[in-house]
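Scope of the values below: all heavy atoms of this structure, side chains included, with no hydrogens, waters or symmetry mates.
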Amino acid sequence: MEIEEISSDNAEDFLSILGPDIVDDMKRVFYRGLGVMGDSSEPEGVLIYELVDAESDKDTKSHVVMAKYNSPEAGKAVQKLYKEDYVYEENIIESFYESEDEKLADDFATEGFSKDKKESDVVKISLKDTAGLDLVKKGNPPSYVKSIIELSVAQYRTAIKACLFKGHKGVLEDLAYLPMTWFEREVSACSITDGNVDGLFLVRATPSGVLIPVLFFATGPDSVKRLAYMLIYSIKKALEKYPPETEVIISRTKKASKEMIKKLLPEVKGDEVFFGSRKE
């Protein structure tokens with residue numbers, strides 16, 4: 001059994017455990033991973049984490065995105081190395097996770113994490129759930145709302161800088177580093193006034209075909225109206241391009257997304273999950 005760092009260079013070796021979406025995420029600047037390779041050169045376990053607030057004036061935390069092991073030995077090996085080496089190297093003050101798997105939660109508790117239950121901050125719906133919204137059926141976005149595919153790279157970068165300057169990065173730790181091509185450019189929307197981008201609704205389409213809204217932002221006196229128009233535009237574009245059963249995953253960790261879901265789909269609830277944290 002051998003433990004190795006997982007990066008974009010070798011993530012494909014762990015595809016059978018990671019899946020295509022996490023393999024793709026390993027290209028991102030704050031994603032880190034540890035993997036266990038068995039004697040037969042088959043992956044036996046992984047621990048993938050994303051650094052949170054790594055480039056802010058806050059202390060760095062670690063969000064454990066995935067932990068999956070084929071054996072208890074593999075799990076203990078990566079947990080031990082993570083705690084003894086990588087937590088120290090990355091100056092991590094706290095690690096936290098969320099999972100539907102109680103066995104995994106018990107394993108984390110053995111490693112010193114707390115263990116509690118809650119409704120997940122993530123909700124999962126299908127694209128067809130959005131088709132019947134009154135907002136979508138009645139609303140027609142004005143001409144100043146467009147797909148981001150119409151933006152130049154310079155316009156996109158200027159808009160992202162404006163978002164970050166105002167303290168908005170959506171659910172992304174690495175918004176500053178992501179190219180426009182990382183997003184679903186036909187479905188992602190923008191609002192343009194007098195040649196300036198004053199609103200962005202960015203959506204990611206993962207390799208497995210899941211749609212994930214990641215940034216919902218507008219500025220100025222009509223920002224609420226522009227947010228609504230961009231949402232309508234994106235939903236209609238998505239319904240034109242993707243099958244109705246396409247999964248949409250929405251994080252409610254930010255105020256804007258939480259209020260949007262509560263208003264538009266009040267009956268939608270997150271799954272019950274286990275969660276915990278550990279001071280490092």
Handout entry: Same apolar cluster: L172 and L164, side chain cutoff 4.5 Å
Key = yes
Practice task
Starting at CD of E150, measure out to SG of C190 and round the result to the nearest 0.5 Å.
Solution key: 7.5 Å
Exercise for the section: State yes or no: do V273 and F108 share one hydrophobic cluster built from I, L, V, M, F, W and Y residues joined by side-chain heavy-atom distances below 4.5 Å, directly or via other members? Expected result: no
Practice task
Answer yes when K61 and E280 have at least one side-chain N-carboxylate O distance shorter than 4.0 Å, and no when they do not.
Solution key: no
Exercise for the section: List the atom of G170, the atom of L215, and the distance in Å for their closest heavy-atom pair. Expected result: N-CD1, 3.3 Å
Practice task
Output yes when a side-chain donor or acceptor of Y233 lies under 3.5 Å from a complementary backbone atom of S147, and no otherwise.
Solution key: yes
Problem - Donor on one side chain, acceptor on other, S126 and D129, under 3.5 Å - result: yes
Problem - Over 12 non-hydrogen atoms of neighbours within 6.0 angstrom of NZ in K27 - result: no
Handout entry: Close side-chain approach of K115 and E102, heavy atoms under 4.5 Å
Key = yes
Exercise for the section: Could you work out the complete set of other residues in the hydrophobic cluster of V65, with links drawn between I, L, V, M, F, W and Y side chains under 4.5 Å apart? Expected result: I6, F14, L15, I17, L18, I22, V23, M26, Y31, M37, V46, I48, M66
Practice task
For residues C163 and L200, report the shortest heavy-atom separation together with the two atoms involved.
Solution key: SG-CD1, 4.0 Å
Exercise for the section: Start with the C-alpha gap between L104 and V64, add the side-chain angles, then the distance that decides, and say whether side chain to side chain contact (heavy atoms under 4.5 Å, CB included) holds. Expected result: CA-CA 12 Å; L104 184 65; V64 179; over 6 Å; no
Handout entry: Exercise: identify the closest heavy-atom pair between Y156 and M180
Key = CE2-N, 3.5 Å
Exercise for the section: Kindly indicate whether the side chain of L227, heavy atoms from C-beta on, has any atom under 4.5 Å from the side chain of F201. Expected result: no
Completion exercise
Rounded to the nearest 0.5 Å, the CG atom of D101 sits from the CG atom of D106 at a distance of 8.5 Å
Practice task
Anything under 30° is parallel, anything over 60° is perpendicular, the rest tilted; go ahead and classify H168 against F217.
Solution key: tilted
Practice task
Please tell me if the side chains of R278 and K83 come closer than 4.5 Å, counting only heavy atoms from C-beta onward.
Solution key: yes
Exercise for the section: Report yes if the side chains of N70 and P43 come closer than 4.5 Å at any heavy-atom pair, otherwise no. Expected result: no
Handout entry: Inter-residue atom distance S188.OG - M230.CE, 0.5 Å rounding
Key = 10.5 Å
Practice task
Would you please test E98 and S120 for side chain to side chain donor-acceptor pair (under 3.5 Å) and show each step?
Solution key: CA-CA 8 Å; E98 183 178 298; S120 177; 2.6 Å; yes
Problem - L81-L47 co-clustered via ILVMFWY side chain contacts under 4.5 Å - result: yes
Problem - Hydrophobic cluster identity match, V210 and V214, side-chain contacts under 4.5 Å - result: yes
Exercise for the section: Could you walk me through whether K169 and E173 pass the salt bridge (Lys or Arg N to Asp or Glu O under 4.0 Å) test, one step at a time? Expected result: CA-CA 7 Å; K169 58 182 179 181; E173 289 297 316; 3.2 Å; yes
Problem - Exceeds 12 heavy-atom contacts within 6.0 angstrom, atom NZ of K118 - result: yes
Problem - Distance-only side-chain donor-acceptor flag, D21 / S208, under 3.5 Å - result: yes
Completion exercise
For I235 and L133, the nearest pair of non-hydrogen atoms, with its separation, is CD1-CD1, 4.4 Å
Problem - Donor-acceptor under 3.5 Å (S234 side chain, V187 main chain) - result: yes
Exercise for the section: Taking the side chain as every heavy atom from C-beta outward, state whether I3 and V36 have any atom pair closer than 4.5 Å. Expected result: yes
Handout entry: Interatomic spacing from OG1 in T130 to CG in L239 - rounded to 0.5 Å
Key = 4.5 Å
Handout entry: Contact summary for V171 and P213, nearest pair of heavy atoms
Key = CG2-O, 4.3 Å
Practice task
Verify, without hydrogens or angle tests, whether R32 (side chain) and S7 (backbone) share a donor-acceptor contact under 3.5 angstrom.
Solution key: no
Problem - Aromatic ring proximity, centroids under 6.0 angstrom, F96 and H63 - result: yes
Practice task
Verify the neighbour count for atom CG of D116: are there more than 12 heavy atoms of other residues, nucleotides or ligands below 6.0 Å?
Solution key: yes
Practice task
For D53 and T60, indicate whether the former's side chain and the latter's backbone hold a donor-acceptor pair under 3.5 Å.
Solution key: no
Problem - S191 side chain to D198 side chain, donor-acceptor N/O pair below 3.5 angstrom - result: yes
Handout entry: Distance in Å, S114 OG paired with K279 NZ, rounded so as to fall on 0.5 Å steps
Key = 10.0 Å
Problem - Any side-chain heavy-atom pair of V197 and T158 under 4.5 Å - result: no
Practice task
With rounding to the nearest 0.5 Å, note down the distance linking OH in Y177 to CZ in F30.
Solution key: 5.0 Å
Handout entry: pair L264-L231: side-chain heavy atoms closer than 4.5 Å
Key = yes
Practice task
Evaluate the side-chain proximity of Y49 to Y86: yes if any heavy-atom separation is below 4.5 Å, no if none is.
Solution key: yes
Practice task
Before accepting this row, confirm whether a basic side-chain N of the pair R252/E119 lies closer than 4.0 Å to the acidic partner's carboxylate O.
Solution key: yes
Exercise for the section: Start with the C-alpha gap between K237 and E184, add the side-chain angles, then the distance that decides, and say whether side chain to side chain contact (heavy atoms under 4.5 Å, CB included) holds. Expected result: CA-CA 11 Å; K237 281 292 184 181; E184 216 297 5; over 6 Å; no
Problem - same_hphob_cluster(I249, I125) at 4.5 Å side-chain heavy-atom cutoff - result: no
Problem - Which atom of F183 lies closest to which atom of L178, heavy atoms considered - result: CZ-CD1, 4.1 Å
Practice task
Please confirm whether the backbone N or O of E5 pairs with a side-chain atom of N10, one donor and one acceptor, at under 3.5 Å?
Solution key: yes
Handout entry: K236 NZ: over 12 foreign heavy atoms closer than 6.0 Å
Key = yes
Practice task
Check the surroundings of atom NZ in K241: do more than 12 heavy atoms from other residues, nucleotides or ligands lie under 6.0 Å from it?
Solution key: yes
Problem - side chain to side chain contact (heavy atoms under 4.5 Å, CB included) assessment of V87 paired with Y82 - result: CA-CA 6 Å; V87 164; Y82 169 73; 3.7 Å; yes
Exercise for the section: Could you walk me through whether D24 and T206 pass side chain to side chain contact (heavy atoms under 4.5 Å, CB included), step by step? Expected result: CA-CA 8 Å; D24 192 58; T206 70; over 6 Å; no
